[in-house]
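Note that ligands are numbered from 1 as they come in the structure, with each ligand's atoms numbered from 1 the same way. The basis for the numbers below is simple: all heavy atoms, side chains too, and nothing from hydrogens, waters or symmetry mates.
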Amino acid sequence: MQPLSSSCRSSSSRYTTKSSTPFAGLVAAALLLCFVSPTSSCTEQERSALLGFLGGLVPGGSGSLNVSWLNGTDCCQWEGVLCSGDGTVTDVFVASRGLRGLVSPSLGDLAGLKRLNLSHNSLEGSLPAELVFSRSITVLDVSFNRLDGHLQELQASDTNLPLQVLNISSNLFGGQFPSTTWGAMRNLVALNASNNTFTGQIPSSLCTNAPLFDMLDLCFNQFSGNIPPGLGSCSMLKVLKVGHNNLSGALPPELFNATSLEQLSLPNNFLQGVIDGSHIAKLSNLTVLNLGSTGLSGKIPYSVGQLTRLEQLYLDNNKMSGELPPALGNCSNLRYITIRNNSFTGELSKVNFTMLDLRTADFSLNNFTGTIPESIYSCTNLVALRLAFNQFHGQFSPSIGNLRSLSFFSITGNSFTNITNTLQMLKRCKDLTSLMMGTNFKGETIPQDETIDGFENLQVLTIDDCPLVGQIPLWISKLEKLEMLDLSMNQLTGPIPSWIDGLGFLFFLDISSNKLTGDIPAALTKMPMLLSERNAAKLDTRFLELPAFWTPLRQYRTVGAFPSKLCLDNNNFTGVIPPEIGQLKMLDILNLSSNSLTGEIPQEICNLTNLQTLDLSDNQLTGAIPSALSDLHFLSRFDVSNNKLEGEVPSGGQFDSFSNSSYSGNPKLCGPMINNDCNSRPSSASGKRRNNLRPALVIGITAGGLIALILLACFLIARLAYDDHTENVVPLRSRR
Ligand SMILES: *[C@@H]1O[C@H](CO)[C@@H](O)[C@H](O)[C@H]1NC(C)=O
Ligand SMILES: *[C@@H]1O[C@H](CO)[C@@H](O)[C@H](O)[C@H]1NC(C)=O
Ligand SMILES: *[C@@H]1O[C@H](CO)[C@@H](O)[C@H](O)[C@H]1NC(C)=O
Ligand SMILES: *[C@@H]1O[C@H](CO)[C@@H](O)[C@H](O)[C@H]1NC(C)=O
Ligand SMILES: *[C@@H]1O[C@H](CO)[C@@H](O)[C@H](O)[C@H]1NC(C)=O
Ligand SMILES: *[C@@H]1O[C@H](CO)[C@@H](O)[C@H](O)[C@H]1NC(C)=O
Ligand SMILES: *[C@@H]1O[C@H](CO)[C@@H](O)[C@H](O)[C@H]1NC(C)=O
Ligand SMILES: *[C@@H]1O[C@H](CO)[C@@H](O)[C@H](O)[C@H]1NC(C)=O
Ligand SMILES: *[C@@H]1O[C@H](CO)[C@@H](O)[C@H](O)[C@H]1NC(C)=O
Ligand SMILES: *[C@@H]1O[C@H](CO)[C@@H](O)[C@H](O)[C@H]1NC(C)=O
Ligand SMILES: *[C@@H]1O[C@H](CO)[C@@H](O)[C@H](O)[C@H]1NC(C)=O
């Protein structure tokens, strides 16, 4: 065995250079080494191929490799290198080593290399064709790097390459995706090219020569054109993921010949047409069917009931319509279903939802009618249920309390009745963290009932736009984990309760558009979560079970991502804005508009350095606008219109970006922004002129020269002339 002896040679030579052990000891050590490690040393050519790779990395970009990758040593012993018994390098596994630099084509000289894993590094440049078209490599994983450029097309397609697994995902590859190359890859099993910017068509010949082809992931690219019918001949294909591309056209009938498919995932494309019942029924192995945001129309075919292995069904954001087929109830292994944002109609109770594994169900934004099917209450593992924006009605039955895992429940925008009953039934769902039930319970009284308790884990409660009558009830004070409370657009009366600062996690309070009265209470200026950064860190950062849509375009995945907000606008609040409001340093949005607040805008409001929105419009505020408000660098919406403010509109900072409508309806305000010159008004003008004079006077005195005074006089005359001019162009009265 020639390589064995070469291993002994190199070991002994390494030994001699490093020690002065007597010769006998050396021989013994060498023999021992030969005995315990029968592996042989790599060849000189392999060593230099690997050193060539090391040399392609930038200085300092070789991680820990340069510790063991030393010329003159056996490369079979190098970190991340594996050899076969005869000393041939077979595996180079250097994933996640912090490597930076280029991928040297010299790796292609490793004639026996079978597996090359360079994933999760920061490698740049192109992927050498020598590796993709290698005569030995079966597994090539370069995912999660910064490789770019095209993938070359293989010229001679009559060859037979050994590559089985190619993972080039999450790089910066782009350009036209190769089409003919794949004909030579007769052993290809898995191809993951997702998360690049490839363009062109999906190759149709991927498995014509590769009978074992099993996985194709081309998600997150820019592929266009139709889904190639040729994929249907991939008889072993289990996973087909081509979501988030620009594919168009209908689902080709041939595709459904690929009956081994377990995951068919094509979301976020521009498809059209319908899901054909006889076709989909052929894919009886499907566990994941994701056709969300594709543009498909038509009904959910009855034959969906034959997909009894289905665990995840996504048909959201399409143009689908009609009633749900009762056969959907046969998909008893469903764990996740979303048909959100379509035009489905009819009664949900047509389907028997006894699906014990169901965790997430989203039926929102459709036109479902009727009541909530009792069968849904048997899904004891249900974590998230969204029924929002349909035409459901009726009351909830006590069995909703069976949903012991329910955490996210949204029924917003329906015609449910009896809010007292709803809360009494739901309080048994101890895990509930988000409860959204606005736009229901038309005109009912918000329960003041002391027996409403048990929502110990509730973080989000929205009961807006019902409209409910009554006072803000005491039971809300017991929701100790509450972070967001929206009671806006009701007919609530009475004061803001003084216990409000007892809600230690509340950072989002919207009680706008009610008939609330009284002062802004001191308690409101002591809300712990709005006081300081340290408190805000206590917020729960877990992901919501379903993203919450606050506006159609804005979705939030965590509660903590919502802005800190205090909206008291459009009520009957009176009294002054308490200066203590300046303590609420975490506030992003403050709206006190459309009340009957009096007094001045407190200077302390300038301490709210996070503020993005400040709306004080439509009150009876007097005095000046604090000029330090220009220090609020994030302020993007500002409105003090329709008050009784006076003096100069501040300028500089964010103030230069607000339009003059922010100030309208305050006849005594002045400044260039609103074309109402301060100098023309006797009271405020004197102050301003003094300011303008002061530097001029200083110059005059220090220079001590008569010329300066003459110049000053000229300046003043010119300035007055200018003022007259501007007044003539835009008469004062035009502001109203
Ligand atoms: C490794 O050592 C050999 C022999 O000393 C030498 O020929 C070769 O150039 C060296 N390779 C590298 C990459 O330094
Ligand atoms: C490559 O290494 C990464 C990181 O250890 C691993 O997750 C991945 O499965 C490996 N690739 C292959 C094809 O085994
Ligand atoms: C790349 O894809 C292959 C085939 O699917 C897979 O085995 C490997 O784990 C993937 N690599 C990473 C880093 O996920
Ligand atoms: C393909 O790679 C991406 C990461 O780049 C990974 O998220 C995805 O799960 C992989 N696809 C398959 C089917 O394993
Ligand atoms: C896409 O690639 C980038 C960069 O490697 C990575 O940060 C991101 O997580 C990847 N996205 C997916 C969906 O795998
Ligand atoms: C593939 O599908 C087409 C259209 O559905 C059909 O005509 C053809 O017979 C199928 N081929 C095979 C091999 O099943
Ligand atoms: C629901 O039906 C109404 C009229 O019947 C229609 O105006 C509305 O667009 C439908 N909504 C959806 C989401 O399909
Ligand atoms: C729903 O299905 C379950 C389990 O298959 C069954 O026990 C129950 O009787 C069915 N309910 C109705 C209303 O058909
Ligand atoms: C509302 O629910 C309560 C408690 O379940 C019940 O006592 C009351 O009769 C219901 N009211 C109506 C109008 O159905
Ligand atoms: C503040 O509240 C008023 C009255 O409800 C509303 O019209 C206005 O749009 C709100 N301001 C902002 C900036 O949202
Ligand atoms: C407000 O600004 C617009 C355009 O910038 C201007 O046309 C208008 O006259 C201004 N109005 C007042 C009252 O200054």
Side-chain angles (χ1 to χ4, degrees), residues 6 9-10 13-14 17 41-57 62 65-66 69-75 78 95-96 104 106-107 109 117-121 139-147 165-173 188-198 213-221 237-245 261-267 287-288 290 305 308 312 326-334 347-358 370-380 397 399 402:
S6 85
R9 259 203 324 276
S10 81
S13 67
R14 191 170 23 174
T17 56
S41 157
C42 61
T43 64
E44 188 62 47
Q45 187 204 4
E46 287 177 315
R47 186 160 46 217
S48 79
L50 287 167
L51 289 174
F53 171 71
L54 194 65
L57 304 175
S62 51
L65 292 191
N66 50 10
W69 287 37
L70 300 170
N71 199 357
T73 65
D74 176 10
C75 68
W78 293 359
S96 308
S104 165
S106 73
L107 285 175
D109 299 340
N117 193 337
L118 304 176
S119 78
H120 287 285
N121 284 298
V139 178
L140 178 56
D141 189 347
V142 296
S143 60
F144 293 99
N145 278 288
R146 294 195 212 119
L147 300 174
V165 173
L166 178 60
N167 192 344
I168 54 172
S169 65
S170 294
N171 276 285
L172 306 171
F173 292 113
L188 200 61
V189 174
L191 170 58
N192 190 345
S194 68
N195 200 10
N196 285 287
T197 53
F198 286 116
F213 193 59
D214 150 300
M215 189 277 267
L216 176 63
D217 189 344
L218 302 175
C219 290
F220 295 101
N221 278 289
L237 191 63
K238 289 201 178 77
V239 178
L240 175 58
K241 295 173 77 177
V242 202
H244 300 269
N245 279 286
L261 270 178
E262 293 172 6
Q263 296 186 30
L264 177 59
S265 178
L266 307 168
T287 58
V288 178
N290 187 346
T308 51
Q312 300 178 31
L328 184 60
N330 296 346
C331 303
S332 55
N333 290 310
L334 269 181
E347 303 215 353
L348 218 48
S349 49
K350 295 253 163 81
V351 180
N352 183 347
F353 281 99
T354 308
M355 300 169 179
L356 297 180
D357 294 326
L358 194 63
T371 55
I372 303 311
E374 284 283 316
S375 62
I376 255 191
Y377 303 141
S378 63
C379 304
T380 48
S397 90
S399 6
N402 299 343

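- Close approach to S194 involves these atoms of ligand 4, each under 4.0 Å from a residue heavy atom: 1 (C), 2 (O), 3 (C), 5 (O).
- Side-chain atoms of N196 come within 3.5 Å of backbone atoms of S194 as a donor-acceptor pair (strictly under, hydrogens ignored).
- Those atoms of ligand 4 that come under 4.0 Å of a heavy atom in D217, given as number and element, are 1 (C), 8 (C), 10 (C), 11 (N), 12 (C), 13 (C).
- Formation of a donor-acceptor pair under 3.5 Å by the D109 side chain with backbone atoms of L107 is not found in this model.
- Distances shorter than 4.0 angstrom do not occur between any heavy atom of S143 and any atom of ligand 4.
- Residue S170 has at least one heavy-atom neighbour below 4.0 Å for each of these atoms of ligand 4: 4 (C), 5 (O).
- Close approach of ligand 4 to S169 (heavy-atom distance below 4.0 Å) involves ligand atoms 2 (O), 3 (C), 4 (C), 5 (O).
- Each of the following atoms of ligand 4 lies closer than 4.0 Å to a heavy atom of F144: 4 (C), 5 (O).
- When the side-chain hydrogen bond (donor to acceptor under 3.5 Å, both in side chains) test is applied to S62, the partners found at least two apart in sequence or on another chain are N66.
- Relative orientation of the H120 and F144 rings is parallel, given thresholds of 30° and 60° on the angle between their planes.
- In terms of modelled atom types and a separation under 3.5 Å, the side chain of N245 and the main chain of N221 share a donor-acceptor contact.
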Are there any N/O pairs under 3.5 Å between ligand 8 and the protein, and if so, what are their distances?
residue	atom	partner	partner atom	Å
ligand 8	2 (O)	N352	OD1	3.4
ligand 8	2 (O)	N352	ND2	2.3
ligand 8	11 (N)	N352	ND2	2.8
ligand 8	14 (O)	N352	ND2	3.4

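- Interface of N192 with ligand 4, defined as ligand atoms under 4.0 Å from a residue heavy atom, comprises 1 (C), 2 (O), 3 (C), 8 (C), 10 (C), 11 (N), 12 (C).
- Checked by atom type and distance alone, the side chain of T197 pairs as donor or acceptor with a backbone atom of F173 at under 3.5 Å.
- Distances between N or O atoms of N71 and those of ligand 1 include at least one value under 3.5 Å.
- There is a side-chain donor-acceptor pair under 3.5 Å between S349 and E347.
- Contact check on E44 versus R47 returns a salt bridge, with a Lys/Arg side-chain nitrogen under 4.0 Å from an Asp/Glu carboxylate oxygen.
- S375 places a side-chain N or O within donor-acceptor distance of the main-chain N or O of F353, the cut-off being under 3.5 Å.
- Side-chain atoms of N121 never come within 3.5 Å of backbone atoms of N145 as a donor-acceptor pair (strictly under, hydrogens ignored).
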